[in-house]
Amino acid sequence: MKLFETGIPDRELLEGLAPPPDRAKPLAVLECFEEFPCDPCKAVCPTDAIVMNRITDIPRLIPERCTGCAKCVVACPGLAIFMVWPKKNLVWVPHEFVPIPERGEIVDALDREGNVIAQAEVKAVMNARKKLETTVVCVQVPKELLMEVRAIRVREKKDARD
Amino acid sequence: MSEKLDVQLAVVGGGPAGLAAALAASRFGLEVLLIDENKELGGQLIKQTHKFFGSHNHMASVRGIEIANRLKKEIRENSHITVFLDTTAVGYYENGELLLYRKSPEEKLVSCFPKAVIFATGARENMLAFPGNDLPGVYGAGAVQTLMNVYGVLPARKILMVGSGNIGLIVSYQLLQAGTEVAAIVEILPWIGGYIVHASKVRRYGVPILTRHTIIEARGKEWVEEAVIAKVGEDFNPIEGTEKVLEVDAVCLAVGLSPIVELVRQAGVYTPYIPELGGLVPWHDDDMRTNLPNVFVAGDLAGIEEATTAMLEGELAALSAAEYFGVKSEEIQKMRKDRKARLEELRASRFSDKVKNGLQKLAAKRPK
Ligand SMILES: Cc1cc2nc3c(=O)[nH]c(=O)nc-3n(C[C@H](O)[C@H](O)[C@H](O)COP(=O)(O)OP(=O)(O)OC[C@H]3O[C@@H](n4cnc5c(N)ncnc54)[C@H](O)[C@@H]3O)c2cc1C
């Protein structure tokens with residue numbers, strides 16, 4: 001397993017995490033692969049869709065229960081939870097950088113290694129103004145990149161002074 | 001000019017361990033003097049802008065700085081706790097004298113003979129030996145964090161991080177947030193030291209994490225201009241021919257912490273060497289009692305761990321101190337049981353194996 005040497009999740013770990021293409025709602029994608037004491041995702045889930053028996057367990061998602069509310073995406077201290085909705089080609093990623101993009105803006109979409117793999121339109125921004133909360137940005141990306149895009153970078157704005 | 005002061009319980013160090021200790025002690029009617037050398041309470045917490053891990057019921061997902069704010073508010077509102085900021089405890093003598101050097105509001109030495117002391121002085125960073133490590137621009141991770149997160153000063157434009165434990169990973173992430181480019185994170189071990197989610201988080205923004213790599217030199221005329229890294233072999237020695245030169249203007253060292261034991265040693269607390277806990281550590285039992293009946297320890301001083309565990313240890317130390325003063329209450333036993341259960345829960349993953357081994361070794365060294 002390369003994950004523990006590089007920080008990049010191995011393909012086999014990601015198998016089975018993608019939502020079915022016809023799912024009616026977005027689905028949380030938990031990219032948390034290591035046992036350590038942490039449970040906010042489970043605690044904030046309003047439908048008990050995240051299962052952990054002990055605080056050190058790896059969280060497991062029950063897709064039928066997930067409503068796509070994104071509460072876990074916001075709560076995860078490891079920024080390891082995303083949300084994907086194949087029907088609308090949308091990905092939600094946590095974003096703790098300034099500037100925070102605006103709806104309609106085109107941003108760089110990054111994969112798990114930081115490569116820019118697409119230009120994506122921002123469709124929604126959650127928690128943009130809450131200082132202590134993690135902002136979550138929803139972007140539209142090509143279907144084949146739904147399980148690849150895991151971060152965004154706001155492009156440098158051309159400063160009027162340049 | 002020196003002044004004398006009457007103190008029941010002194011708590012030295014105002015990080016999470018000291019804050020929790022002071023609050024818990026006051027619950028049992030003890031009069032507390034809380035001392036910290038900084039101008040603000042909170043210890044390491046005031047630099048932690050990331051969300052904490054741990055149990056949702058106990059402030060996980062809350063940012064460190066916010067945890068500090070909550071505890072500070074409780075302390076301010078507590079009439080049993082007197083706070084001395086900008087005050088360093090400079091000596092603790094066998095006759096029980098604790099000497100304080102106050103820098104403000106007026107510079108002076110204050111002498112007191114507290115009937116009991118809880119030490120929660122935290123830890124200091126380890127240095128690494130390599131040519132050029134004395135150049136300006138070679139920082140400890142704590143300094144980098146203080147500059148960025150406390151004073152709002154950007155420590156570098158492009159930096160090399162040495163060490164992939166949680167501190168190296170988190171500070172790398174905070175550097176990216178501040179606008180510094182992180183050239184790479186080097187790690188001498190074959191695997192990443194910290195939580196993998198932290199590693200994935202920085203990797204996602206393009207930062208390479210190079211395991212089996214170390215820094216061998218920092219170069220520059222007046223400050224760091226480049227860093228040389230190399231691959232290491234099974235013996236951890238650099239392999240010739242694998243050197244790479246990175247153009248950076250700073251190097252950040254995140255290679256471990258050691259407990260600050262000078263004061264407790266001065267008083268005669270036994271401090272065996274337990275590498276798993278960070279080096280020399282004050283001997284203590286699981287109620288945070290040392291070999292001296294009126295001296296207790298908590299937090300990173302008692303073994304390098306986490307803020308979550310530091311707070312629980314602080315409370316356990318306070319319970320022992322309350323008992324020392326003859327407080328008898330069922331509440332003590334109840335709290336003790338609860339805090340110990342929580343510690344055990346937090347220490348259940350493989351990340352705590354080292355600490356648990358260390359604590360076992362420490363227990364075996366119980367002084368006669
Ligand atoms: C980058 C980073 C990220 C971290 N992230 C997490 C996390 O996500 N979750 C978590 O649980 N933990 C985290 N930690 C660990 C946590 O910050 C420490 O374990 C914790 O702060 C230890 O608490 P403490 O009270 O023992 O010591 P400290 O917080 O170090 O406080 C000790 C205080 O004592 C003062 N002091 C020392 N000597 C004297 C003296 N002689 N006189 C007066 N004052 C003195 C110091 O100035 C300091 O203010 C992180 C640490 C770092 C560096």
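Residue numbers begin at 1 in each chain, while the letters A, B, ... track the order of the sequences. None of these values were measured; they are calculated from a predicted model.
- A side-chain donor-acceptor contact under 3.5 Å links A/Lys143 and A/Asn89.
- The contact between B/Leu176 and chain A is made by backbone and side chain atoms together, counting heavy-atom distances below 4.5 Å.
- Of the atoms belonging to A/Ile81, not a single heavy atom falls under 4.5 Å from chain B.
- At a 4.5 Å heavy-atom cutoff, the contact between B/Phe52 and chain A is made by backbone atoms alone.
- For B/Lys356 (side chain) and B/Arg347 (main-chain N/O), a donor-acceptor pair under 3.5 Å exists by modelled atom type.
- Your options are A/Glu35, A/Glu96, A/Arg150, and the one with the most heavy-atom pairs under 4.5 Å with chain B is A/Glu96.
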Could you check A/Phe33 against A/Phe4 for ring pair (Phe, Tyr, Trp, His ring centres under 6.0 Å), going step by step and ending with a plain yes or no? CA-CA 10 Å; A/Phe33 306 112; A/Phe4 295 96; 9.0 Å; no
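- B/Gln145 and B/Gln48 share a side-chain donor-acceptor pair at under 3.5 Å.
- For the atom pair B/Phe351 CZ and B/Glu306 CD, the distance stands at 10.0 Å (nearest 0.5 Å).
- The part of A/Glu34 that comes within reach of chain B is its side chain, from C-beta onward, which places non-hydrogen atoms under 4.5 angstrom from that chain.
- Using a distance-only test at 3.5 Å, with no hydrogens or angles considered, a donor-acceptor pair links the side chain of B/His213 to the main chain of B/Thr211.
- Proximity to chain B is limited to the backbone of A/Asp111, based on heavy atoms less than 4.5 angstrom apart.
- Proximity to chain B involves both the backbone and the side chain of A/Leu3, based on heavy atoms less than 4.5 angstrom apart.
- Residue A/Cys41: no heavy atom, backbone or side chain, is found under 4.5 Å from chain B.
- Using modelled atom types and a 3.5 Å distance limit, the side chains of A/Thr134 and B/Lys51 yield a donor-acceptor pair.
- Contacts of B/Glu345 with chain A are made by both backbone and side-chain atoms, with heavy-atom separations under 4.5 Å.
- Put simply, of B/Ser200, B/Ala348, B/Ala199, the one with the most heavy-atom pairs under 4.5 Å next to chain A is B/Ser200.
- Among A/Ala75, A/Pro77, A/Ala151, the residue making the largest number of heavy-atom pairs under 4.5 Å with chain B is A/Pro77.
- Nearest heavy atoms, B/Met161 versus B/Val171: CE-CG1, 3.8 Å.
- With chain B as the partner, the residue from A/Ala43, A/Pro9, A/Pro40 showing the most heavy-atom pairs under 4.5 Å is A/Pro40.
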